Every structure is written in structure tokens, then in C-alpha cells.
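What follows is a single structure, written as C-alpha cells, with notes after it.
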Amino acid sequence: MSDPDPQQSMEALASPRVRAQLDEDLSPRRLALRRIAAANRLLIEDMVGTQVDPGDLDAVADELEALGERFRHDRPRSTYEGMAEAAMAGGAIEAFFDHSPLIGLANPLAPPIRIEMGEELVTGRVTFGAVYEGPPGCVHGGFVAAAFDEVLGTAQTYSGAPGMTARLKVDYRSPTPLHVPLVIEGRFTRREGRKIFTEGRILDGDTVTAEAEGLFVTIDPTKFRELAEGFDRRIAGDQADDA
Ligand SMILES: CCCCCCCCCCCCCCCC(=O)SCCNC(=O)CCNC(=O)[C@H](O)C(C)(C)COP(=O)(O)OP(=O)(O)OC[C@H]1O[C@@H](n2cnc3c(N)ncnc32)[C@H](O)[C@@H]1OP(=O)(O)O
């Protein structure tokens, strides 16, 4: 495999994450999808621990089921399939990141983390709400790890040859609080052949709540295509089973 041009990789893979979080030059469809996701995110957050009168809960469920019916017919199996503007479909790569489960503004499951890319440091900013609760008042450790995966996954692009996460080590130093603006830092430290080393930490003010080391392994871009093709075959098999 030839070494990719670092500048090209940054352009192709890194900055679109940042551009994906701007509101500039968006099509009406993407703006609407982001609005829907934001409303959905708020709904999910507000529903956790709801104080709605128990007698009203069935009526709320009826409303949600009726709303769900409007989307059911075109529910995608994958965002690659469902997002006509996404990179895999030949459109703007930023649209692909709109669906990220960590940074995607059009994905209601995303907290979302806001990514900034400095000269050497990637900074993620996020406030985790109630739906991410693990220990009382604190972020579930799995979501801490997921946040690191995203931020270190961005930092690895500074290597010029980004790949997939092979190994993620997390040290949980102190509980990571909910409802508090957190800073997640990520750095590319070195590259050895296809192995890309990164490290990062999560800060609540001056307190380090967690530290991580991530190993990424450069892959041939065709691996993404193979993953997509394998997924298509699996779906085709499912549909044949359903018939
Ligand atoms: C167009 C639209 C698309 C846009 C595109 C965007 C892309 C940006 C997406 C961003 C997303 C955010 C960032 C999230 C990133 C994930 O979340 S990725 C998802 C989670 N990760 C995975 O699913 C990966 C699953 N694992 C694998 O597929 C394979 O194991 C790997 C990682 C590709 C490596 O396999 P391989 O290519 O066969 O490499 P292999 O020869 O086994 O290992 C190479 C070297 O790495 C070492 N190594 C491998 N695994 C390990 C390990 N676990 N521990 C230690 N060393 C290891 C080997 O020892 C070897 O070392 P050397 O002998 O060279 O010294």
C-alpha cells in the first residue's frame, strides 16, 4: 500500500468532521434532518425520568407511535443507504458525518460532541445529558470510551493515513459528571508502519476524569467498500429470509 499524502488525508477525512458541524450552505433537507434530530434528542432527554402523569403515558405512546408511522416506510438499514447526500453516495462527505452517533447533528443519539482541530490538538466539547447516565449523576463508562474513540479517531488523521480502531485503553480516573461541559483532548503521538498511536484525556474544568490511549491501524480505503458490500449481501440474505 502506498503512503497517502497527509494533506490530502486531512482534507478528505478530518476537516469534513469540523465542516459537518457548521450550519453553512446546507440543503433544506439537511437542515430539516438536523432540526428533527435536535427535537428528537430533546424529547429523549426529557422523557428520561419523566414526571408525566401515569394516566397520560398511554396517550403519549399513541402520539409517538403515530409519528413513527410517518417514517416507517423509508427507514434505512444503514445511513449509507438512507442518506442520499452522503459520501458513499457520491455527495458531500460532511453529510456522512451528520449521521455519526457521536458528532452527528442529524443523529438524535449523538450527544453531540463538537470537534475542533488545532495544529496538533483535537478538542471535543460535549455535555452529556441524563440518557448517558451510568453511576448516579455520572457518564456511563461505555460512552466515555465511545467519546475517546471519536476524538482519538479524529486525532489519528494527523498521521496522514487514518485507519480503524484496533485497541482502545481507558483509565477512568474520577467520575465523569453529567450536565457539565467537558473537554476531550486527543493527540496523534507517532506512527510505526501501519500503526498509529494516539492519546487523550477528558477534563471537567481542571480535573482529569479519564485518560486513554488509542491504537489505529491504517487500512486500504477499499476495506470500507468491502464492508459496505458485505453489509449489502447480509441485507439481501435477510430480505430473502423474510420473503
Ligand atoms: C466515504 C465515507 C467514508 C468516510 C470514512 C470515514 C472514516 C472515519 C470514520 C470515523 C469513525 C470515528 C473513529 C471510530 C473508529 C472506529 O470506531 S472503527 C470501528 C472499530 N474497529 C473495528 O471494527 C476494527 C476491527 N478490526 C479490524 O478490522 C482489524 O483487526 C484491523 C484493525 C483493520 C487490523 O487488521 P489487519 O489490517 O489485518 O492488520 P494486522 O496485520 O492484524 O495488524 C497490523 C499491525 O497492527 C497490530 N495490531 C492489530 N490489532 C492490534 C491490537 N488489537 N492490539 C495491538 N496491536 C494490534 C498488529 O500486531 C500489527 O503490528 P505489526 O506486526 O505491524 O507491528
Side-chain angles (χ1 to χ4, degrees), residues 1-21 30 76-107 109-117 121-126 141-171 184-200 202 212-232 234:
M1 192 179 359
S2 60
D3 279 358
D5 173 354
Q7 194 54 42
Q8 206 181 9
S9 297
M10 282 286 290
E11 281 297 309
L13 289 164
S15 52
R17 276 192 181 81
V18 177
R19 288 204 306 271
Q21 303 199 319
R30 280 185 64 198
R77 303 272 195 145
S78 154
T79 50
Y80 293 116
E81 183 190 339
M83 186 67 181
E85 292 168 274
M88 289 300 197
I93 192 170
E94 293 93 317
F96 167 75
F97 289 106
D98 249 9
H99 287 278
S100 157
L102 278 312
I103 68 168
L105 297 184
N107 185 338
L109 292 189
I113 301 172
R114 300 280 180 161
I115 298 278
E116 293 160 24
M117 299 179 72
L121 185 71
V122 174
T123 306
R125 297 182 193 279
V126 65
F143 288 101
V144 168
F148 273 129
D149 195 22
E150 185 65 38
V151 172
L152 299 185
T154 306
Q156 60 137 350
T157 59
Y158 287 68
S159 70
M164 290 178 85
T165 320
R167 187 157 194 257
L168 184 63
K169 171 179 170 258
V170 180
D171 290 310
I184 311 168
E185 294 178 346
R187 272 178 207 282
F188 159 63
T189 53
R190 68 185 195 284
R191 181 176 159 193
E192 289 171 13
R194 293 173 57 214
K195 291 189 289 189
I196 304 160
F197 295 85
T198 62
E199 60 186 30
I202 297 184
E213 291 170 12
L215 169 67
F216 296 80
V217 173
T218 305
I219 56 165
D220 193 302
T222 56
K223 172 134 183 175
F224 276 109
R225 201 173 313 131
E226 284 164 20
L227 286 172
E229 285 168 3
F231 183 70
D232 285 347
R234 212 160 68 232

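Ligands are counted one by one from 1 in listed order, and the atoms in each one are counted from 1 as well. By convention here, the first residue in the shown sequence is residue 1. Reckoned from all heavy atoms, side chains included, excluding hydrogens, waters and symmetry mates. Keep in mind that this is a model prediction, so the values were computed, not measured.
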Spacing of [atom1] belonging to [X] relative to [atom2] belonging to [Y], to within rounding of 0.5 Å:
X: Phe216; Y: Met164; atom1: CZ; atom2: CE; result: 10.5 Å
X: Asp171; Y: Lys169; atom1: CG; atom2: NZ; result: 4.0 Å
X: Thr154; Y: Glu116; atom1: OG1; atom2: CD; result: 12.0 Å
X: Leu215; Y: Thr198; atom1: CG; atom2: OG1; result: 8.0 Å
X: Thr189; Y: Glu213; atom1: OG1; atom2: CD; result: 8.0 Å

Regarding ligand 1, does Asp149 bring an N or O atom to under 3.5 Å of one of the ligand's N or O atoms?
yes

Pull out every atom of ligand 1 sitting under 4.0 Å from any heavy atom of Ile219, numbered as shown with elements.
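This gives 33 (C) as the contact atoms.
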
Can you sort out which atoms of ligand 1 are near Leu215, meaning under 4.0 Å from one of its heavy atoms?
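Selected atoms, number and element: 54 (N), 55 (C), 56 (N), 57 (C).
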
Below a 4.0 angstrom heavy-atom separation, can you tell me which part of Thr154, side chain or backbone, both or neither, approaches ligand 1?
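Neither; no heavy atom under 4.0 Å.
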
For ligand 1, note which part of Thr165 has a heavy atom under 4.0 Å away: side chain, backbone, both or neither.
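The answer is both, backbone and side chain.
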
Option of least heavy-atom distance to [atom] (set: [options]):
atom: atom 49 (C) of ligand 1; options: Val217, Leu152, Thr218; answer: Val217
atom: atom 45 (C) of ligand 1; options: Lys195, Met164, Glu192, Glu150; answer: Lys195
atom: atom 52 (C) of ligand 1; options: Gly214, Gly193, Ala166; answer: Ala166

Under the side chain to side chain donor-acceptor pair (under 3.5 Å) rule, collect the residues that match up with Glu185, sequence neighbours excluded.
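Here the qualifying residues are Arg201.
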
